[in-house]
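Structure, as C-alpha cells:
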Amino acid sequence: MRQRSFDLLKILREVEEGDFTFVEGDFPPVLSGARGLHVRDVDGNTYRDLSSFFGVCMLGHSPDFVKEEARRGFYHSMGDLLPSREKILLLERLSELLGGSWKGLLLSDGADAVEACLRTAFLFKEGKRVVAFEGAYHGTSLGALSATYSRRFRARVSSILPFESVFFPLEEGSLEGVEEEMKRGGVSAVIIEPVQGRAGIRPAPRRLLEGLRELTLKHRVPLIFDEIYTGFYKTGAVFAKDLFGVEPDLIALGKAMTTAFPLSACMGKTWIMEVWGKSSGEASYTFTFSGNPFFSRVALRALDEYERIKAGERALLIEGWIGEEVKGRVRGIRHRGLGVLHAFDFAVPGEGFRAFRWLLQRGWITVPSGLSGEVLEIVPPFIAEREVLAEFLADLAAYLRL
Ligand SMILES: Cc1ncc(COP(=O)(O)O)c(C=O)c1O
C-alpha cells in the first residue's frame with residue numbers, strides 16, 4: 001500500500017474534476033521528484049522513465065542547464081508589447097533549423113500551436129472544412145479537437161466544435177478521396193502527423209505525404225504537419241518532414257522544445273504567414289505567456305544540447321538497440337519503431353493500460369496509447385543506454401509470458 005499516495009489521491013478526488021486523473025485506491029503513485037532517468041514517488045518508490053513524460057523530457061529529468069537558466073531570473077515579459085531578446089533569438093533559431101524562410105508565433109501548449117496553424121490556414125483559404133486522418137491526435141482544445149479523430153475525446157462536445165474535419169485512412173489510397181474533397185471546395189487545410197503518436201506510432205506512408213504535397217499545391221490548400229510529437233530529433237532527423245523529404249507550409253512544434261516547460265510554436269513559410277498582415281498597435285491573436293523569456297531561454301539551451309549530444313544519431317542508435325533486443329527477447333507482440341518512438345501493439349483493447357500498470361509496479365514508466373488502449377509506447381530520452389532498454393524489454397517479455 002502506498003499510504004502517502006493514497007492520502008494525497010483522496011484530496012485530489014475532492015479538488016480536481018473527476019474525469020482528469022484515473023484514481024483507484026493508491027493508484028497512480030503520486031510523484032515527488034525526478035532526475036535523469038529516475039523518478040520518485042511520495043512513498044519512496046523509484047522508477048525508471050522510458051516515456052520522457054509524453055515525449056517532453058528528452059534530455060532526462062531536471063537537467064543542469066534549466067537550473068542555470070532559472071538562477072539568471074527574468075521569467076516573464078509582455079509577449080507582443082515588449083518582446084524579450086530570447087524570444088527573438090528562439091524564433092530565429094527555429095527558422096534556421098527548419099531550413100530558413102520560416103516565420104512563427106510562440107505559444108504554450110501543443111494544441112495552441114495546432115490552432116494557430118489552423119487559423120493561419122483559414123485566414124489564407126476561405127472554407128469551413130479540414131482534411132485530417134483516422135487516428136489523428138492534435139489536442140483537446142476545441143479547434144485542435146475538431147481535427148482529432150478519436151470519438152472518446154470528441155463525444156460530449158461534438159456539437160460545439162468550430163469546424164468539420166473529413167477523416168481519411170492513413171494510406172496512399174486515400175489520395176483520390178482527398179482530391180475529390182478538395183474539388184468540392186471549402187477545404188481550408190490538410191493536417192497530418194507524419195508519424196501518428198497517440199494512435200500508437202503509425203508512420204504515414206511516404207507516398208501519402210508526397211501525394212498530399214502535390215494535391216495541396218495544385219489546389220492551393222495549406223499543408224500542415226503536426227510535429228508536436230515527432231519534432232526535435234525523435235525520428236533521427238531534426239523534423240520528420242526532413243526524414244520524409246516533404247515540406248509542409250505550416251508546422252506545429254512543442255513538447256521536446258524546452259524539455260520541461262509549456263512552450264510551443266506555429267511556424268509557417270514566410271509567404272503564408274503574410275496573411276496575418278501588419279500590426280497597427282495591438283495584436284489580434286495573443287496570449288499572456290506567448291514567447292515567455294525563461295521558456296525561450298531554456299529552449300535555446302535545449303537546442304544547443306541536442307546538437308552537442310548529436311541527438312539525431314542517438315535516436316538512430318536507440319532505434320537499432322531496441323530493434324535488436326526486441327528480436328532477441330520479445331515474442332508475441334507487434335513492434336513498431338522509428339528513432340526513439342516505439343509502440344508495442346497488443347491488438348487487444350485496454351491491454352496497453354494493463355501492461356502500463358504491471359510495468360509501473362516493476363519500476364518502469366511507459367505510456368498506454370492506441371485508439372482503444374491496445375498499445376504500450378516508450379519514448380526513451382536520448383541519454384538512455386542499451387542496458388536499461390534491454391532490462392526493460394526483458395520485463396516486457398516477462399509480462400507477455402504471464
Ligand atoms: C501530435 C500531437 N499534436 C498535438 C498534441 C497536443 O499537445 P498538448 O497536449 O501540449 O496540447 C499532442 C500531444 O500529445 C500530440 O502528440
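Ligands are counted one by one from 1 in listed order, and the atoms in each one are counted from 1 as well. Only this structure's heavy atoms are used, side chains among them; waters, hydrogens and symmetry mates stay out.
Residue-ligand proximity, G110 to ligand 1, at heavy-atom distances under 4.0 Å covers atoms 7 (O), 8 (P), 10 (O), 11 (O). For ligand 1 and E193, the ligand atoms under 4.0 Å from any heavy atom of the residue are 1 (C).
E377 and S51 are not linked by any side-chain donor-acceptor pair at a separation below 3.5 angstrom, with hydrogens and angles left out of the test. For the 3.5 Å distance criterion, the side chains of T120 and W276 qualify, holding a donor opposite an acceptor. The closest side-chain donor-acceptor pair between H342 and H335 falls under 3.5 angstrom. For the residue pair D43 / S5, a side-chain donor-acceptor distance below 3.5 Å is found, with atom types taken as modelled.
At the shortest separation from atom 3 (N) of ligand 1 among protein heavy atoms lies D226 OD2, 2.6 Å. Protein heavy atom nearest atom 11 (O) of ligand 1, with residue, atom name and distance: A111 N, 2.8 Å. Ranking protein heavy atoms by distance to atom 15 (C) of ligand 1, first place goes to Y137 CD2, 3.8 Å. Counting protein heavy atoms only, atom 16 (O) of ligand 1 is closest to Y229 CD1, 3.5 Å.
A heavy-atom distance below 4.5 Å is not found between the side chains of R40 and Y47.
Ion pair E164/K128 not flagged as a salt bridge, since none of the NZ, NE, NH1 or NH2 atoms sits closer than 4.0 Å to an Asp/Glu carboxylate oxygen. By the 4.0 Å N-to-carboxylate-O rule, E210 lies too far from R213 to be salt-bridged with it.
There is no protein heavy atom closer than 4.0 angstrom to atom 9 (O) of ligand 1.
Residue K255 holds the heavy atom nearest to atom 14 (O) of ligand 1 of all those in Q196, E115, R198, K255.
Looking at ligand 1, you won't find any N or O of I228 less than 3.5 Å from one of its N or O atoms.
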